[in-house]
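Chain letters run A, B, ... following the sequence lines, proteins first and then strands; every chain starts at 1.
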Amino acid sequence: MTTIRLTNSKTRRKEDFQPIDPSNVRMYVCGPTVYDRAHLGNARPVVVFDTLYRLLRHVYGAAHVTYVRNFTDVDDKINAEALRRQKAGSPGTLEDLIHERTEETIAWYHADMDALGALRPNQEPRATEFIGQMIVMTEGLIASGHAYAVEGHVLFRVRSYKDYGKLSGRSVDDMIAGARVEVAPFKEDPMDFVLWKPSSGEEPGWASPWGKGRPGWHIECSAMAHELLGESFDIHGGGLDLQFPHHENEIAQSACAHPHGDFAHYWLHNEMLQVEGKKMSKSLGNFFTVRDLLDQGIPGEVIRFVFLMTHYRSPMDWTAEKARQAEATLRKIADFLHSDPLTQPWVDRNSVNAPQEVIDALANDLNTSLALTHLSRYLKEGDYVALLGSLRLLGFYPDALKVKFATFAAEAHENDSTSGYSVSSLGLSKRTSEILVEKLKELTSLRSLAMASKDFAAVDALKSALIAAGVEVRMSKAGVELVPGPDFDPAKLEALQ
RNA sequence: GGCGGGUUGGCGGAGAGGUUACGCAGCGGAUUGCAAAUCCGUGAAGACCGGUUCGAUUCCGGUACCCGCCUCCA
């Protein structure tokens with residue numbers, strides 16, 4: 001069996017992955033706060049852990065992996081948006097409006113992440129469905145002396161957990177020395193963090209032993225991971241920015257609440273995303289969502305491919321140039337997949353496996369970049385089976401690639417014995433195809449005239465016009481081919497009429 | 001200030017203690033009415049200083065620079 005090796009943030013080492021129970025490998029990944037469309041940075045951990053999920057399913061069997069990713073639907077930004085809508089006259093209670101907002105955001109999230117080829121996790125719990133468990137856990141922490149209630153708040157007593165700071169390599173004393181946070185006066189220790197806080201009149205809240213309130217951010221993941229995966233599970237993932245304080249606090253809560261378990265055995269953190277060399281931020285004006293890219297016509301497969309080009313523990317720079325390269329490669333792959341079926345070996349697409357070297361690349365701490373290198377080689381060598389298996393493992397669907405990326409080609413060919421036209425059309429309208437064929441005929445006849453007269457002016461004029469419309473023009477002894485490229489604009493083509 | 005990560009050829013980006021990464025771009029050639037596409041070939045690297053070693057871009061230490069986190073942003 002393939003041994004998966006993963007860099008464990010907990011030990012700062014690359015380790016052999018040994019599941020607690022190979023018949024039920026369990027992974028928890030911190031999901032989004034559902035207050036708005038997912039931005040591109042949100043998508044990186046989704047693709048990273050989707051890749052790991054697919055690898056785990058490959059190695060242990062699809063039925064033996066449980067992947068949980070939460071939706072954080074308790075949040076000040078959600079409340080603020082709901083309140084804004086209420087004040088703008090939307091009907092319904094504040095709770096209704098909050099629910100409406102989170103439902104709509106979750107639907108967007110699903111649509112956007114589906115477009116990236118990410119499998120849905122086995123479970124996607126929402127914080128609001130686990131408030132009871134959070135309260136029970138908080139009560140337990142108070143009872144065992146790890147937390148204290150004060151002024152409607154419940155705070156975790158950081159000093160009560162000796163390993164606090166171990167995951168992120170920080171000491172409580174150092175952090176206090178360098179702290180820039182304003183400290184609430186009722187905290188015993190400046191680093192103590194909130195498990196429960198009171199809700200004011202217009203904020204959503206739940207009844208609790210400490211009055212009407214809502215949970216702190218960190219407790220939800222501890223409570224849901226415990227409920228769905230148990231006291232100990234295998235992998236906990238998320239973005240590097242969550243390592244501190246979020247994951248540190250999760251560990252502290254869980255370890256103290258469930259002293260017999262040891263929470264997550266392997267912690268994985270993906271590095272952050274940049275855009276054209278800079279941090280993506282609203283203030284720099286380089287902030288965009290996954291939906292923005294999709295709407296610009298950049299397919300999800302391109303986004304996924306660009307992500308996979310960079311190792312997950314390196315910062316990834318999103319650039320237009322990378323998107324261009326990724327798209328060019330996907331087009332080549334699609335053209336190859338779309339080539340004459342008779343030249344390709346017959347395989348059952350749904351069962352073909354990736355070559356071992358691709359599995360090995362992923363098993364070596366998710367070396368997706370190396371996996372893509374292998375993939376390019378299969379393309380170059382025309383190894384249909386290896387390519388198909390690799391695409392599947394990496395989360396690309398051959399049929400979708402063909403529809404989105406395979407070239408439409410209108411081709412006129414002639415030789416001594418035959419001449420004719422062939423059209424292969426995917427994803428273009430009938431009208432566009434017809435115009436393309438018309439232009440092809442026109443170009444072909446102009447060209448034969450020019451070949452005799454040696455006056456190529458008319459041919460070149462038509463050729464330039466086609467190129468301007470984003471259509472690649474290929475002329476050879478065998479005939480003429482028109483291939484709409486990435487910049488193809490049907491409107492410009494039609495204007496040539 | 002504290003903590004963590006990084007620095008590979010024009011650009012992107014891997015592996016491996018000694019032997020070509022690879023992709024894009026470039027250059028040369030084949031091909032073409034001209035191009036495009038395709039194919040063939042090709043130059044170019046390991047921030048800096050020191051150590052370990054027969055040998056380091058790869059291991060260890062230091063320096064410089066860059067990035068992130070410490071602010072309920074993945």
Side-chain angles (χ1 to χ4, degrees), chain A residues 9 12 29-33 35-36 38-49 72 74-77 165 167-171 173-182 191 193-194 197 215-220 237-246 248-249 269-274 277-282 287 306 309-311 313-317 319 321-322 324-326 328-329 332 335 361 364 367-377 379-380 407 409 447 450-456 459-460 463-464 466-467 471-478 480-483 485:
Chain A
S9 302
R12 287 155 223 283
V29 173
C30 291
T33 301
Y35 66 97
D36 204 351
H39 64 249
L40 192 62
N42 292 307
R44 171 116 107 138
V46 173
V47 173
V48 166
F49 293 105
T72 298
V74 179
D75 176 78
D76 290 342
K77 277 176 270 195
L167 177 72
S168 53
R170 295 153 203 252
S171 80
D173 294 321
D174 286 347
M175 283 186 286
I176 291 170
R180 307 192 309 216
V181 212
E182 219 173 299
M191 295 313 293
F193 59 89
V194 170
K197 60 185 171 184
W217 173 39
H218 317 293
I219 192 75
E220 67 172 75
L240 190 59
D241 58 334
L242 292 182
Q243 191 177 42
F244 187 88
H246 183 56
E248 198 71 71
N249 293 352
H269 291 100
N270 62 275
E271 251 288 0
M272 310 304 280
L273 176 106
Q274 298 185 321
K278 292 189 171 137
K279 178 176 173 158
M280 182 165 81
S281 72
K282 287 179 177 163
F287 180 95
V306 170
M309 280 162 68
T310 301
H311 186 89
R313 282 188 297 105
S314 295
M316 200 215 76
D317 197 13
T319 63
E321 170 60 16
K322 281 187 188 171
R324 188 197 65 75
Q325 277 191 28
T329 304
K332 281 189 202 172
D335 279 340
N364 184 11
N367 193 341
T368 49
S369 173
L370 187 61
L372 290 181
T373 297
H374 294 319
L375 192 107
S376 299
R377 205 180 69 248
L379 175 65
K380 197 175 173 183
T407 306
R447 183 164 176 256
M451 293 291 234
S453 69
K454 299 295 172 204
D455 176 8
F456 290 93
V459 179
D460 288 340
K463 193 175 87 174
S464 309
L466 287 166
I467 290 169
V471 181
E472 197 180 279
V473 180
R474 301 177 188 172
M475 289 187 265
S476 68
K477 273 191 289 199
V480 179
E481 257 187 294
L482 296 184
V483 182

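Between the P atoms of B:A35 and B:C27, the separation comes to 14 Å (whole Å). Of the C1' atoms belonging to B:A14 and B:C22, the separation is 8 Å, rounded to the nearest Å. If you take atom C1' in B:G17 and the same atom in B:U57, they sit 11 Å apart, rounded to whole Å. Using P as the reference atom, B:G1 and B:U8 are 26 Å apart when rounded to the nearest Å. Rounded to whole Å, the P atom of B:G10 lies 15 Å from the corresponding atom of B:G43. Distance check on atom C1': B:C11 versus B:C49 gives 28 Å, rounded to whole Å. Taking atom C1' on both nucleotides, B:G55 is separated from B:U19 by 13 Å, rounded to a whole Å. Rounded to the nearest Å, the gap between the C1' atom of B:A21 and that of B:U31 is 29 Å.
Between A:I467 atom CD1 and A:E472 atom CD the span is 8.5 Å, to the nearest 0.5 Å. Distance check: A:D75 CG to A:Y35 OH gives 7.5 Å after rounding to the nearest 0.5 Å. To the nearest 0.5 angstrom, A:Q274 atom CD is 10.5 Å from A:T310 atom OG1.
Closest to the side chain of A:V459, out of B:G33, B:C73, B:C22, is B:G33. Of the candidates B:A21, B:G13, B:A74, the closest approach to any side-chain atom of A:P45 belongs to B:A74. Of the candidates B:C69, B:A36, B:A74, B:A36 carries the atom nearest the A:E472 side chain, counting heavy atoms from C-beta on. Between B:G13, B:A74, B:C24, one nucleotide has an atom nearer to the side chain of A:H39 than all others, and that is B:A74. Of the candidates B:A37, B:G23, B:C73, the closest approach to any side-chain atom of A:K380 belongs to B:G23.
Under the 3.5 Å distance criterion, the side-chain polar atoms of A:R447 are left unmatched by any main-chain donor or acceptor of A:V459. Here the side chain of A:E248 pairs a donor or acceptor atom with the backbone of A:S168 at under 3.5 angstrom. When atom types are taken as modelled, the side chain of A:R12 and the backbone of A:L167 share a donor-acceptor pair closer than 3.5 angstrom. Using a distance-only test at 3.5 Å, with no hydrogens or angles considered, a donor-acceptor pair links the side chain of A:N367 to the main chain of A:L370.
Classification of the A:H246-A:H218 ring pair by plane angle, with boundaries at 30° and 60°, yields tilted.
In this structure, A:L379 places its CG atom 16 Å from P of B:A37, rounding to the nearest Å. With rounding to whole Å, A:E271 atom CD is found 16 Å from B:G13 atom C1'. In this structure, A:L482 atom CG and B:A37 atom C1' are separated by 13 Å, rounded to whole Å. Between the P atom of B:G68 and the CG atom of A:D241 lies a distance of 12 Å, rounded to the nearest Å. When rounded to the nearest whole Å, the span between CE of A:M475 and P of B:U38 equals 17 Å. If you take CG of A:L167 and C1' of B:C3, they are 12 Å apart, rounded to a whole angstrom. Here the P atom of nucleotide B:A16 and the CG atom of A:N364 are 6 Å apart, to the nearest Å. To the nearest angstrom, C1' of B:A74 lies 14 Å from CD of A:Q274.
Under the 4.5 Å side-chain criterion, counting only non-hydrogen atoms from C-beta, A:K77 is not in contact with A:T33.
No contact: A:V48 has no heavy atom under 4.0 Å from any strand. Backbone-only contact: A:S168 has heavy atoms under 4.0 Å from sugar-phosphate atoms and none from a base. When heavy atoms are screened at a 4.0 angstrom cut-off, A:L273 is found touching base atoms of the nucleic acid. Nucleic acid contact for A:M272: base, since at least one base atom lies under 4.0 Å from a heavy atom of the residue. The residue A:Q243 sits apart from the nucleic acid: no heavy atom pair falls under 4.0 Å. Across all strands shown, A:K463 has heavy atoms under 4.0 Å from base atoms, whether or not it also approaches the sugar-phosphate. Counting any heavy atom pair closer than 4.0 Å across all strands shown, A:R12 reaches sugar-phosphate atoms only and no base atom. Base contact: A:F456 has a heavy atom under 4.0 Å from a base atom. Looking at heavy-atom distances under 4.0 Å, A:H311 makes contact with sugar-phosphate atoms alone, never a base. Looking at heavy-atom distances under 4.0 Å, A:D460 makes contact with a base. Heavy atoms of A:Q325 sit under 4.0 angstrom from at least one base atom.
In this entry B:U19 has no Watson-Crick or G-U wobble partner, no candidate having both defining distances under 3.5 Å. In this structure, B:A64 and B:U7 make a Watson-Crick or G-U wobble pair, each of the two defining distances being under 3.5 angstrom. Pair check for B:U42 finds B:G26; Watson-Crick or G-U wobble, both atom distances under 3.5 Å.
For the OP1/OP2 pair of B:A37 and a distance below 4.0 Å, the side-chain nitrogens and oxygens of A:K332 include no atom meeting the criterion. Contact check, A:N367 against B:G15: a side-chain N or O comes under 4.0 Å of OP1 or OP2. Contact annotation: A:T310 side-chain N/O to B:G13 OP1/OP2 distance is under 4.0 Å.
Put simply, the side chain of A:H269 and the base of B:A74 share no donor and acceptor less than 3.5 Å apart.
Between A:R324 and A:M451, the residue whose closest nucleotide on RNA chain B is further toward the 5' end is A:R324. For the pair A:V473 and A:G41, nearest-nucleotide mapping onto RNA chain B gives the more 5' position to A:V473.
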